[in-house]
Amino acid sequence: MADTSEIQHLKYDPSQIEPKWQQIWRDEKTWHVSNKPDGRPSSYVLEMLPYPSGEPHMGHMKVYSVGDALAHYRRRNGMRVLHPMGYDSFGLPAENFAIKTGRPPRESTEDAIAEFRRQFETWGVSIDWDREFGTHQPTYYRWTQWIFLKLFEAGLAYQKEAAVNWCPNDQTVLANEQVVDGHCERCGHAVEIKQLKQWFFKITDYADRLLNDMGSELEGWPQNVKTMQKNWIGRSEGAEVIFSCHSIDTSYPVFTTRPDTLFGATFFVMSPEHPDVTRIAEGTGQEEAVRDYVNASAQKTKEERGADDKEKTGVYLGRTITNPVNGEEIPMYVADYVLMEYGTGAIMAVPAHDQRDYEFAKKFEIEIRQVIAPASDEVEVPADAAYVSSTGSDVLINSGEFTGESSVEAKAKVTNWLKESGRGESTVNYKLRDWLISRQRYWGCPIPVVHCEKCGIVPVPEAALPIELPEISDYLPKGKSPLAAATDWVEVHCPECKGPAERETDTMDTFVDSSWYFMRYTDAKNDREPWHRAVLNEWMPVDNYIGGVEHAILHLMYARFFTKALHDLGLVGATEPFKNLFTQGMITRDGAKMSKSRGNVISPRSYVERYGADTARAYILFIGPPDQDADWADEGVEGVHRFLARLWRLGLEVDSAGAGSGVDAPATVAGDSANAVMRKANWAIDKVTADMEGRFAFNTAIAAVMELVNELYKQKDALVSEGGDSAQALRFATAAAASLLFPFAPHVSAEVYEVLGGGRVWETEWPKADESFLKSDEITLVVQVNGKVRDKISAAADATQDELLDLAKSSEKIAGYVDGKEMIKEIVVPGKLVNLVVKG
RNA sequence: GCGGGUGUGGCGGAAUUGGUAGACGCGCCAGCCUUAGGAGCUGGUGGGCGAAAGCUCGUGGGGGUUCAAGUCCCUCCACCCGCACCA
């Protein structure tokens, strides 16, 4: 036996261990997975595509720690696992950097990618690097353009002039989803509304399926993400009601969820963006006031218009319009509380039963006519606010032939009545808008169409793809894409008439790039098609998708839309991209989000250099449940590092003790120490397996391995001196600890396993607990009197209820509590506890 | 305002179906080892009372169901996240 006291002082040095294993994995392409089915079930584990900028941050380390643990676990459970890597490498930050420094986005992006790849390798993440790509590579975006053409052919990509969100700082339009509280999601600048001709994807065609399929196909998604998407889609049932303005012989539909309140509509309001408002005011003397109001609205930012406590404003349009239910002429207004992008851009206003209309009517002294009354006296109608039903048992008043009807039934009755005379019908309205995908920026995927004077919009033929992004020198945006200045590139011949034509100079939103990358991974090297259908269907949908909740709406909804649209085109078998979604919590520092401005950013690199990747990764998983936010504490890192060092030293010590060999379980187990160790090892196997299966409880899984290692330290001296099977039990249990820890700390685990003679741990099957060590002969019986623990007695595990009861009663301590008192009830929970209920 | 979530020692967190609250780690205390310790090993560590045995209180507050509640129900509070003039 070697001198173990020397081992105690050996230093666990990850900088020696980790590169050794990384080199093996890299040289042997250990994590490469073939597309040829081999009988094993397939599993697709994917972390959200990283945007390569600077170097990876803690959020990246967390997402790959989670995903890698899962990928390793699946592999060792006999699955064929696809676990690829790539980069979301088009985007504004690289372009803004180019504007500042003149350095081409391609160069800075590719540098960042190299740094990301280098660091990911130092983390020892088990990636199939053969499938790596960046979305900025022509070999990738060729197919982004190809998909655009497919969507264009299917009528799902179109150009229209619309009131759109414009960020004056980034000099580009933004999708609705990219506007947060009236500000640009990227730079934080206040967003303006502009009328511009833009490209859209018709995601609204899929509104119902995006909504309904969440219920049937996304059981593996967190509820909060589904709720967010549901709210974003914003389906609401109601009616479209047509109001006629006889003085100009035009009619306007409105959307309402309350057709039952139509008799209370005492005015009509249109959005300032409504194309007809100035025309309506013409010849009424209100032209100027209306024009001024419309112009003033256009100047305002989204935030100013939507301010919480903002008083209602508006201007009379100088005309009246006819309420279709009672023929009343009601005044028309323009007001910015009506949004052009929702419904029809015009509303019927019912001040008695809508708070916004109420506020407007008060200010403009318009009649407030109550038409809904509570059925019961117990409900009060407020005197200074709109009455909005809360009971669902309201009735109509002042509503002609519908007076006395219940509010709920009247909705359908009024709608049907209107429908008979062609003045309305029931409809469904959505908050979801079509996805605005064009951006007036350089560093993105060019939209593959040309504009021809004769032929109009002409898609580029597939054979001409990719339309490559030209090299330019001036990246400064000027309200148009910088591409517009690349005249050599812009000026082309029309593919149809061969006449002079111009390329589209807008590029695509980078969310387009990331809406299909998970499909490309399945067949990343295919240069004839974006993927081979059979290959794609073998892997898709992604079994476990892991990433931040910040993508709950944007990326996740777009990816779902793409999958459904491509499915409908016959290109994809799946109807949903991600079967299970896991949203990991943030890593904070001192309780706050890490940010440069706070100066509390810590880099994974510094911890990898100091403690090794295993420590950093295991710490991230140990800190708490991975779906929760977690605060980074350096002391905690030290603790995990100590634990890994303990395991590593234990491996050396156990092996150098000389007794036993290899990592197999002993033939026989005798003695307290050997039994204790075997029980603990099998308990840990059982526990870690359960924690990996049911949920991502990596924190308790690691804690279980810590408990095992603690037990081994306690028993090792005894086991070594006993020798024989006892020493073998120690080898087995130590190897089991390494094996169980492998998904979380792969390098040190591989090292320990190898030291013990077990070979390559990742080639071994996930350990299975030996049931015979899981149950013990004895249990601790908890004895309660009136629900309070009064004694703990050791009892046989197979004792009957009566035996347990007798045992409990025979306790002297218990006697002190129950003697001389009346026994009311005796409760026995087999294997656990006895509760005696006494009185007096 | 609407929707969702969280609340447990000094700290991060455990507690599978209601059945020993506080696993594991950090921190702290003590002992051992050592020339030394900011290394390693062992033990202790929720509050109060007590020399101890033990008693008692205790999972944001209040109430309830139950033999038994961190867990179920009602109610209130605090914090976090999402949406928000959506007709």
Side-chain angles (χ1 to χ4, degrees), chain A residues 5 7-11 180-181 222-232 234-236 238 254-258 261 269 305-310 312 335-339 341-350 353-357 359-360 429-432 549-550 552-553 585-586 619 622-625 627-640 642-643 645-646 649 687 690-691 694-695 697 699-707 709-710 713-714 717 780-789 791-792 813 824-829 831-838:
Chain A
S5 66
I7 288 169
Q8 280 170 26
H9 297 282
L10 283 180
K11 198 165 155 29
V180 179
D181 291 334
Q223 189 54 52
N224 61 334
V225 173
K226 287 194 273 190
T227 305
M228 280 189 248
Q229 291 210 356
K230 189 179 162 209
N231 292 341
W232 190 261
R235 181 183 203 272
S236 66
V254 302
F255 174 75
T256 179
T257 53
R258 297 295 304 276
T261 64
V269 192
R305 286 188 47 173
D308 236 6
D309 45 358
K310 183 179 160 273
K312 294 280 175 291
D336 66 4
Y337 81 92
V338 174
L339 309 172
E341 63 261 29
Y342 187 75
T344 61
I347 62 159
M348 64 178 219
V350 184
H353 306 293
D354 182 284
Q355 187 58 27
R356 297 153 300 179
D357 298 343
E359 286 164 18
F360 191 87
N429 197 55
Y430 298 92
K431 206 185 92 172
L432 182 70
V549 74
E550 65 273 17
I553 295 172
M586 243 188 333
Y619 172 65
F622 181 67
I623 191 169
D627 56 334
Q628 279 176 33
D629 289 352
D631 204 53
W632 186 275
D634 286 350
E635 297 81 7
V637 182
E638 299 264 5
V640 170
R642 273 201 286 272
F643 161 64
R646 239 160 105 80
R649 277 196 312 271
K687 170 74 179 157
D691 285 346
R695 48 202 191 137
N699 54 332
T700 49
I702 293 169
V705 182
M706 287 176 170
E707 284 194 57
V709 170
N710 288 345
Y713 265 82
K714 267 179 230 164
D717 292 346
T780 303
L781 181 70
V782 174
V783 185
Q784 298 180 332
V785 178
N786 290 344
K788 287 187 175 155
V789 179
D791 199 7
K792 292 171 188 177
K813 280 185 193 162
I824 310 265
K825 210 167 185 176
E826 297 167 338
I827 287 132
V828 183
V829 181
K832 274 200 174 139
L833 135 165
V834 167
N835 188 10
L836 304 173
V837 185
V838 296

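Values below: all heavy atoms of this structure, side chains included; hydrogens, waters and symmetry mates excluded.
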Distances under 3.5 Å only, N/O to N/O: pair up the protein atoms with those of nucleotides 69-73 of chain B.
none

How long is the span from the [atom1] atom in [X] to the [atom2] atom in [Y], to the nearest 0.5 Å?
X: A:I824; Y: A:E826; atom1: CD1; atom2: CD; value: 11.0 Å
X: A:M586; Y: A:Q628; atom1: CE; atom2: CD; value: 12.0 Å
X: A:N429; Y: A:T344; atom1: CG; atom2: OG1; value: 8.5 Å
X: A:D631; Y: A:I623; atom1: CG; atom2: CD1; value: 7.0 Å
X: A:F622; Y: A:I702; atom1: CZ; atom2: CD1; value: 7.5 Å
X: A:F643; Y: A:Y619; atom1: CZ; atom2: OH; value: 15.5 Å

Between [N] ([atom2]) and [X] ([atom1]): distance, integer Å:
X: A:Q223; N: B:C83; atom1: CD; atom2: P; value: 17 Å
X: A:M586; N: B:C81; atom1: CE; atom2: C1'; value: 9 Å
X: A:M228; N: B:G82; atom1: CE; atom2: C1'; value: 5 Å
X: A:Q229; N: B:G82; atom1: CD; atom2: C1'; value: 13 Å
X: A:N786; N: B:C67; atom1: CG; atom2: P; value: 12 Å
X: A:Q628; N: B:A14; atom1: CD; atom2: C1'; value: 12 Å
X: A:K788; N: B:G54; atom1: NZ; atom2: P; value: 16 Å
X: A:I623; N: B:A14; atom1: CD1; atom2: C1'; value: 15 Å

Taking atom [atom1] in both [N] and [M], what distance in whole Å separates the two?
N: B:U20; M: B:C67; atom1: C1'; value: 16 Å
N: B:A78; M: B:U56; atom1: C1'; value: 29 Å
N: B:C57; M: B:U8; atom1: P; value: 22 Å
N: B:A23; M: B:G13; atom1: C1'; value: 10 Å
N: B:A87; M: B:G7; atom1: C1'; value: 38 Å
N: B:G47; M: B:U59; atom1: P; value: 15 Å
N: B:C85; M: B:G12; atom1: P; value: 36 Å

Counterpart residues, side chain to side chain donor-acceptor pair (under 3.5 Å), relative to [X] (two or more places apart):
X: A:Y337; value: A:D357
X: A:T227; value: A:Q223
X: A:Q355; value: A:E359

Has A:K226 got more than 12 heavy atoms of other residues, nucleotides or ligands less than 6.0 Å from its NZ?
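Yes, because the 6.0 Å sphere around NZ of A:K226 holds more than 12 heavy atoms from other groups.
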
Considering only B:A87, B:G13, B:C85, which nucleotide approaches the side chain of A:S236 most closely?
B:A87

Look at the side chain of A:Y337 and decide which nucleotide, out of B:C83, B:A15, B:C85, has an atom nearest to it.
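Among the listed nucleotides, the one closest to the side chain of A:Y337 is B:C85.
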
Listing for RNA chain B: consecutive Watson-Crick or G-U pair runs of at least 3, distance cutoff 3.5 Å, ranges ordered by first number, gives B:1-7 with B:77-83, B:10-12 with B:24-26, B:27-32 with B:40-45, B:46-49 with B:54-57, B:60-64 with B:72-76

If we only count heavy atoms from C-beta on, is the [X] to [Y] side-chain gap below 4.5 Å?
X: A:M348; Y: A:T261; value: yes
X: A:K431; Y: A:N231; value: no
X: A:N786; Y: A:V838; value: yes
X: A:K813; Y: A:V783; value: no

Tell me whether the side-chain N/O atoms of A:R649 come closer than 4.0 Å to OP1 or OP2 in B:C41.
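Checking B:C41 against A:R649, a side-chain N or O does come within under 4.0 Å of OP1 or OP2.
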
Reckon A:K825 has a side-chain N or O less than 4.0 Å from the OP1 or OP2 of B:U66?
no

Is the glycosidic torsion of B:G9 within 90° of 0, making it syn, or is it anti?
syn

For a quick check of understanding: with a heavy-atom distance under 4.0 Å over all strands, which category does [X] fall into, base, sugar-phosphate or nothing?
X: A:K312; result: base
X: A:K813; result: sugar-phosphate
X: A:R235; result: nothing

5'-most contact on RNA chain B: A:A690 or A:E341, nearest heavy atom basis?
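The residue closer to the strand's 5' end, by nearest nucleotide, is A:A690.
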
For A:L836 and A:A630, find the nucleotide of RNA chain B closest to each by heavy atoms; which residue's nucleotide sits nearer the 5' end?
A:A630

Protein proximity profile, nucleotides 18-30 of chain B - base contact B, sugar-phosphate-only contact S, no contact -, cut-off 4.0 Å on heavy atoms
-BB--BBSSS---

